[in-house]
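Worksheet: the structure to be examined is printed underneath.
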Number of protein chains: 2
Amino acid sequence: MNAKTRQRRPAFDREAGVAIAQALFHERGYDAVSLADLTQAMDIKPPSFYAAYGSKAALFERAMLRYAQENALPLDELLAPDRPPAEALPALLLAAAEQYGRDSVLRGCMITEGMRADDPAARRMAESLASGGLQAIRAYLDQVHPQDAESLADYVSVTLRGLSASACHGMPYERLTQVARTAGLLIAHELEADEPTTAS
Amino acid sequence: MNAKTRQRRPAFDREAGVAIAQALFHERGYDAVSLADLTQAMDIKPPSFYAAYGSKAALFERAMLRYAQENALPLDELLAPDRPPAEALPALLLAAAEQYGRDSVLRGCMITEGMRADDPAARRMAESLASGGLQAIRAYLDQVHPQDAESLADYVSVTLRGLSASACHGMPYERLTQVARTAGLLIAHELEADEPTTAS
DNA sequence: ACTTCTATATATCGACCGCTAAATAAAGTG
DNA sequence: CACTTTATTTAGCGGTCGATATATAGAAGT
């Protein structure tokens, strides 16, 4: 017979697939990565993909969770309640800039950028994951600087978004971290000028 | 005859079509607006669309140019060479925040967000338009504060990107402008502390 | 070895994408 | 009026999107 006896490869590594998807989604964003891109990168066929992950959006969520576990900033250390904000906030901004610009191909924050997906489901997943970090910043500031916690939290949030977007757009590591240092210095000087009443 | 004698409406207003496209692209971004969305909003058929504008990307460019002419910040006034940076930069940030958050549906900067399109041609058009504004900021700072013009320009650029992204994500007008005021204050204090040597 | 279950491969599906060829109605010109 | 030009119409192109129905190969249980 001319039958070429269809070949079947052993089961693929699902966790490795999540890692591959994480890299693709991080590099190009949710909308710009197609099923064909994913299945080709994982070297599997669409039915295997859907049997393993359910849908593109579900895999995106798993990829973001993996990203968060691997790359989340140590907010509980950076924003320890006994740390003065003039020290903690600059450290947070610098740590973020370093991470956003470290890898020349996986740039910016995967979750922050995920919130900009055109697909509503993917966007909501990213927003849900991001809200945790923002709440941590807000809770820290409510504790250590309640007089304008919202204003400071918003400033930090906007700066983080700007750093992520600039990283994605290609701003080099040195300039990204320099911006973070500048923003941190400005915050620190302002906070120290407002209330040097920590001693006495 | 059963001929329902196909009806034809008079030629449509091409400039009005650009305005409609501008609003759609600004609200949803280049990739999320389809040809069907555009032709339906303009109440024309695809061939009329292509006869008038050539392609979706070409219309996007016309829409961005129209946006720039209508909404561009008056950089030559805001960044007048005789204006001290401690006054000009906060004014620039506040003017941007006010514009980005003014309209509840057309949020953020259409050009800044256009640079994030998945389509490479659209992205390059937006980048080309955006580079003018960035160069103006850089040229101003080279003139009035050459010692760290790049660092300051990068800081302003990152903050503007963060403001635009936050506006698109829904941050209310009051909080956007408050962030701009905060960032402006920080810059002003730092600049005035560094060099009060304007007199003598 | 034989059956059962699971995960893979082939081959699409329907919807939508940006875009266009061919036919036809209105407007311009004598 | 007759003729040409221009812009609109209907209809559909080739392609890609995310996702699937069906058939079959390997792994597991006995």
Side-chain angles (χ1 to χ4, degrees), chain A residues 1-18 20-21 24-25 28-64 114 117-126, chain B residues 1-18 20-21 24-25 28-64 114 117-126:
Chain A
M1 307 290 278
N2 55 1
K4 304 189 74 179
T5 63
R6 131 163 96 179
Q7 290 295 70
R8 166 180 162 176
R9 299 163 36 261
F12 74 98
D13 183 339
R14 275 140 164 83
E15 280 306 319
V18 177
I20 292 172
L24 280 178
F25 283 135
R28 304 190 217 156
Y30 180 79
D31 303 294
V33 177
S34 70
L35 265 219
D37 294 330
L38 290 165
T39 55
Q40 182 177 338
M42 299 181 190
D43 197 21
I44 60 174
K45 308 296 175 184
S48 300
F49 178 94
Y50 283 93
Y53 307 114
S55 72
K56 182 187 172 187
L59 176 60
F60 181 59
E61 184 159 39
R62 285 186 62 173
M64 277 196 300
D118 285 336
D119 183 286
R123 203 168 50 231
R124 263 179 273 121
M125 291 173 187
Chain B
M1 311 279 279
N2 56 0
K4 302 189 74 179
T5 62
R6 134 161 97 176
Q7 290 296 71
R8 168 180 160 175
R9 297 158 42 262
F12 74 99
D13 183 339
R14 275 139 163 85
E15 280 306 319
V18 177
I20 291 172
L24 279 178
F25 283 136
R28 304 192 218 156
Y30 180 79
D31 303 295
V33 177
S34 71
L35 252 271
D37 293 331
L38 290 165
T39 54
Q40 181 177 338
M42 298 181 192
D43 196 20
I44 61 174
K45 310 295 176 186
S48 299
F49 178 95
Y50 283 93
Y53 306 115
S55 72
K56 181 188 172 186
L59 176 59
F60 181 59
E61 184 160 39
R62 285 186 63 174
M64 277 195 300
D118 286 335
D119 184 285
R123 202 167 50 230
R124 262 181 273 119
M125 292 174 187

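Convention: sequence-line order gives letters A, B, ...; per-chain numbering from 1. Since we're looking at a predicted model, the values are computed, not measured.
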[X] has an atom [atom1]; how far is it from atom [atom2] of [N], in whole Å?
X       : N       : atom1 : atom2 : value
D118(A) : dG18(D) : CG    : P     : 12 Å
D43(B)  : dA7(D)  : CG    : P     : 18 Å
K56(A)  : dT20(D) : NZ    : C1'   : 17 Å
D13(A)  : dA7(C)  : CG    : C1'   : 15 Å
D37(A)  : dG15(D) : CG    : C1'   : 15 Å
D31(B)  : dT16(D) : CG    : P     : 17 Å
I44(A)  : dT6(C)  : CD1   : P     : 19 Å
Q40(B)  : dC16(C) : CD    : C1'   : 14 Å

Do L59(A) and F49(A) have side chains that get closer than 4.5 Å, going by heavy atoms? yes
Given dG18(C), dT8(C), dA7(D), which nucleotide is nearest the side-chain atoms of S34(B)?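 Side chain of S34(B) sits closest to dG18(C).
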Residues D37(A) and R28(A) bridged, charged N to O under 4.0 Å: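 Looking at D37(A) and R28(A), the cut-off is met.
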Under a 4.0 Å threshold between the charged nitrogen and the carboxylate oxygen, would R124(B) count as salt-bridged to E61(B)? no
Mind listing the closest non-hydrogen atom pair of A122(A) and A117(A) along with its distance? CB-CB, 4.2 Å
Candidate pair M42(A) and Y53(A), rule side-chain contact (heavy atoms from CB on, under 4.5 Å), full reasoning: CA-CA 12 Å; M42(A) 299 181 190; Y53(A) 307 114; 4.0 Å; yes
Under 4.0 Å, heavy atom to any atom of DNA chain D: which of residues 45-54 of chain A qualify?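 Listed by number, they are P46(A), P47(A), Y50(A).
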In terms of the angle between their ring planes, are F60(B) and F25(B) parallel, tilted or perpendicular, with boundaries placed at 30° and 60°?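 Judged by the thresholds at 30° and 60°, the geometry between F60(B) and F25(B) is perpendicular.
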